[in-house]
Amino acid sequence: MKNLGKIFLLAFLQAGVILALPLFIGGGVEQETAPPTAAAVMAAADEPEAQVLDKTARISLLDGGRTVQMSLEDYLFGVVAAEMPASFEPEALKAQAVAARTYAMYRIGSDVHDGAVCTDASCCQAWLSEDELSAKWGAAYDEYAEKMRAAISETDGLCVTYDGAAILAAFHSSSNGRTESSENVFGKALPYLLSVESMEDVQSVPNYISSVTLTEDELYSTLAAWNSEAAVHVSEGPLLSDAVFSTTGRLISVKLCGEEVSGSELRRIFSLRSADISWQRQEDGISFTVTGYGHGVGMSQYGANNMAKLGASCGEILSHYYTGTSITPISALAVGTALL
């Protein structure tokens, strides 16, 4: 896989542009000229007069039982710091900043929270306050905070778009060598969330391969917590049967005690790190082996960091993981305009 990854990266770095045509939803009118590349848009964002979008935009954050108003810049600081290790490469952090900004614009536009976002990672994005980050980073706070602020300011106001709208900029910690297509996880095919190669292996990703072993008693307790009726049949037939896997090797569906569940649901039931799962039934329980961490859709954070280590830019990372997309300032989006 390493040789294939090197070949892919060399070809990818030579391309270095985002080729998608930005179309406005409903209009479907192709522009006469090609859109600017990600590199060109980001170069423009480096100009001092361009560093105003995130500072100007205001966002409503649902944090527990309270609603907090803050600048988009401060919100992104808490998100990027919560979602990606501060030790990662600057270009990977910039890619995460753009993805986080894009995800926020997508969520605001969906009206899930009436124009707000929340701090629940299973719904929106994780977020940590400066006090929480100070406790987390300790003596390294100033160094890490500077890296995070730089990643945000150097991508000021930029989002990933498809057909002129902010995309569902899904991301995950690490993949299994390929990301997953959205329909196999979210149940909906999105043209920009396709399966692509991702540069990860056991040398570059901590806990890349993990295992979970349950005794027979632990297995029964886990199954009873999931479905008490199904659990009573655990000894009457195969525990797991009729498994269906995607072309990336991830579990799409399986029968658990005769009840069909998705790969994502099996992950949740047994607290597994991803849906790249294999298992071995034992006399006294079961053992699972898992590769990667997260749902596998969109940008792999460790994959992005490995690309950045080999010289890939933020724009190149984003255009690889989000197929056929463009980079657009939030001021050009309807939802973004409403925030400014």
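This one's a predicted model, so the numbers in the text were calculated from it and none came from an experiment.
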Applying side chain to side chain contact (heavy atoms under 4.5 Å, CB included) to Leu266 and Leu240, what does each step give before you reach the verdict?
CA-CA 10 Å; Leu266 193 75; Leu240 294 163; 4.0 Å; yes
Evaluate the side chain to side chain donor-acceptor pair (under 3.5 Å) criterion for residues Tyr321 and Ser198: first the C-alpha distance (whole Å), next the side-chain angles of each, then the deciding distance (0.1 Å), finally the verdict.
CA-CA 8 Å; Tyr321 283 110; Ser198 189; 2.7 Å; yes
To the nearest 0.5 angstrom, please state how far the CG atom of Asn305 sits from the OG atom of Ser174.
12.0 Å
Greater than 12 external heavy atoms within 6.0 Å of Gln280's CD
no
Would you say Gln69 has more than 12 foreign heavy atoms packed within less than 6.0 Å of its CD?
yes
Tell me yes or no: between the side chains of Ser181 and Asn184, is some donor less than 3.5 Å from an acceptor?
no
Spacing of CZ belonging to Arg273 relative to OG belonging to Ser210, to within rounding of 0.5 Å:
5.0 Å
Residue from Lys94, Arg149, Lys147 passing salt bridge (Lys or Arg N to Asp or Glu O under 4.0 Å) with Glu154
Lys94
Regarding Gln125 and Tyr75, is there a side-chain donor-to-acceptor distance under 3.5 Å anywhere?
yes
Where do Cys314 and Val98 land on the side chain to side chain contact (heavy atoms under 4.5 Å, CB included) test, with the steps shown first?
CA-CA 9 Å; Cys314 166; Val98 177; 4.1 Å; yes
Look at the side-chain heavy atoms of Ile, Leu, Val, Met, Phe, Trp and Tyr, link any pair under 4.5 Å apart, and say whether Met307 and Leu310 land in one connected group.
yes
Proximity of Tyr162 and Tyr192 rings by center, below 6.0 Å:
yes
Kindly give the heavy-atom pair with the smallest separation between Phe186 and Val297, and that separation in Å.
CE1-CG1, 3.7 Å
Could you tell me if Asp201 and Ser204 have a donor-acceptor pair between their side chains, going purely by distance under 3.5 Å?
yes
Evaluate the side-chain proximity of Val202 to Ile209: yes if any heavy-atom separation is below 4.5 Å, no if none is.
yes
Please report the shortest heavy-atom distance between Gly298 and His172, naming the atom on each side.
O-CE1, 3.5 Å
Gln301/Gln96 under side chain to side chain donor-acceptor pair (under 3.5 Å): CA gap, chis, key distance, verdict
CA-CA 8 Å; Gln301 293 171 318; Gln96 181 67 60; 2.8 Å; yes
For His295 and Ala170, which heavy atoms make the closest approach, and how far apart are they?
CE1-CB, 4.1 Å
Do Leu72 and Met105 have side-chain heavy atoms sitting under 4.5 Å apart?
yes
Indicate yes or no for a side-chain donor-acceptor contact from Ser182 to the backbone of Leu190 under 3.5 Å, with no hydrogens or angles considered.
yes
Go through the side-chain N and O atoms of Thr248 and Arg178 and say whether any donor and acceptor fall under 3.5 Å apart.
no
List the atom of Ile317, the atom of Ala312, and the distance in Å for their closest heavy-atom pair.
CG1-CB, 4.1 Å
Mind jotting down which residue pairs meet the salt bridge (charged side-chain N to carboxylate O under 4.0 Å, His left out) criterion with at least one end in residues 205-224? Sequence neighbours excluded, please.
Glu216-Arg281
State, to 0.1 Å, how close Asp54 and Leu76 come at their nearest heavy-atom pair, and which atoms those are.
OD2-CD1, 4.0 Å
Apply side chain to side chain donor-acceptor pair (under 3.5 Å) to the pair Thr179 and Arg250, showing each step before the final yes or no.
CA-CA 10 Å; Thr179 64; Arg250 293 177 176 87; over 6 Å; no
Applying a strict under-4.5 Å side-chain criterion to I, L, V, M, F, W and Y, I'd like to know whether Val212 and Val290 cluster together.
yes
Are Leu62 and Val335 connected, step by step, through hydrophobic side chains (Ile, Leu, Val, Met, Phe, Trp, Tyr) whose heavy atoms are closer than 4.5 Å?
no
Output for pair (Thr291 OG1, Asn176 CG), nearest 0.5 Å, gives 6.5 Å
Any ring-ring contact (aromatic ring centres under 6.0 Å, His included) involving residues 245-283? Give me the pairs, sequence neighbours left out, ordered by first then second residue.
Phe270-Phe288
Hey, mind stepping through Glu130 and Tyr141 against side chain to side chain contact (heavy atoms under 4.5 Å, CB included) and telling me if it holds?
CA-CA 9 Å; Glu130 291 200 38; Tyr141 178 84; 2.9 Å; yes
Determine, step by step, whether Arg58 and Leu339 satisfy the side chain to side chain contact (heavy atoms under 4.5 Å, CB included) criterion, reporting the C-alpha distance in whole Å, the side-chain angles of both residues, the deciding distance to 0.1 Å, and the verdict.
CA-CA 6 Å; Arg58 307 294 295 177; Leu339 298 177; 6.0 Å; no
Verify the neighbour count for atom OH of Tyr293: are there more than 12 heavy atoms of other residues, nucleotides or ligands below 6.0 Å?
no
Between Asp131 and Ser129: side-chain donor-acceptor atoms closer than 3.5 Å
no
Same cluster or not: are Val112 and Leu168 linked, directly or through other Ile, Leu, Val, Met, Phe, Trp or Tyr residues, by side-chain heavy atoms under 4.5 angstrom apart?
no
With the threshold set at 4.0 Å, does a side-chain nitrogen-carboxylate oxygen contact exist between Lys255 and Asp242?
yes
Can Val160 be reached from Leu194 by stepping across I, L, V, M, F, W or Y side chains whose heavy atoms are under 4.5 Å apart?
no
Partners passing side chain to side chain donor-acceptor pair (under 3.5 Å) against Asn207 (at least two apart in sequence or in another chain):
none
Let me see the working for Tyr208 and Gln203 under side chain to side chain donor-acceptor pair (under 3.5 Å), right down to the final yes or no.
CA-CA 8 Å; Tyr208 185 61; Gln203 284 76 37; over 6 Å; no
Have Ser300 and Glu200 got a donor and an acceptor in their side chains that come within less than 3.5 Å?
yes
So which atom in Thr67 and which in Ser60 form the shortest heavy-atom distance, rounded to 0.1 Å?
CG2-CB, 4.2 Å
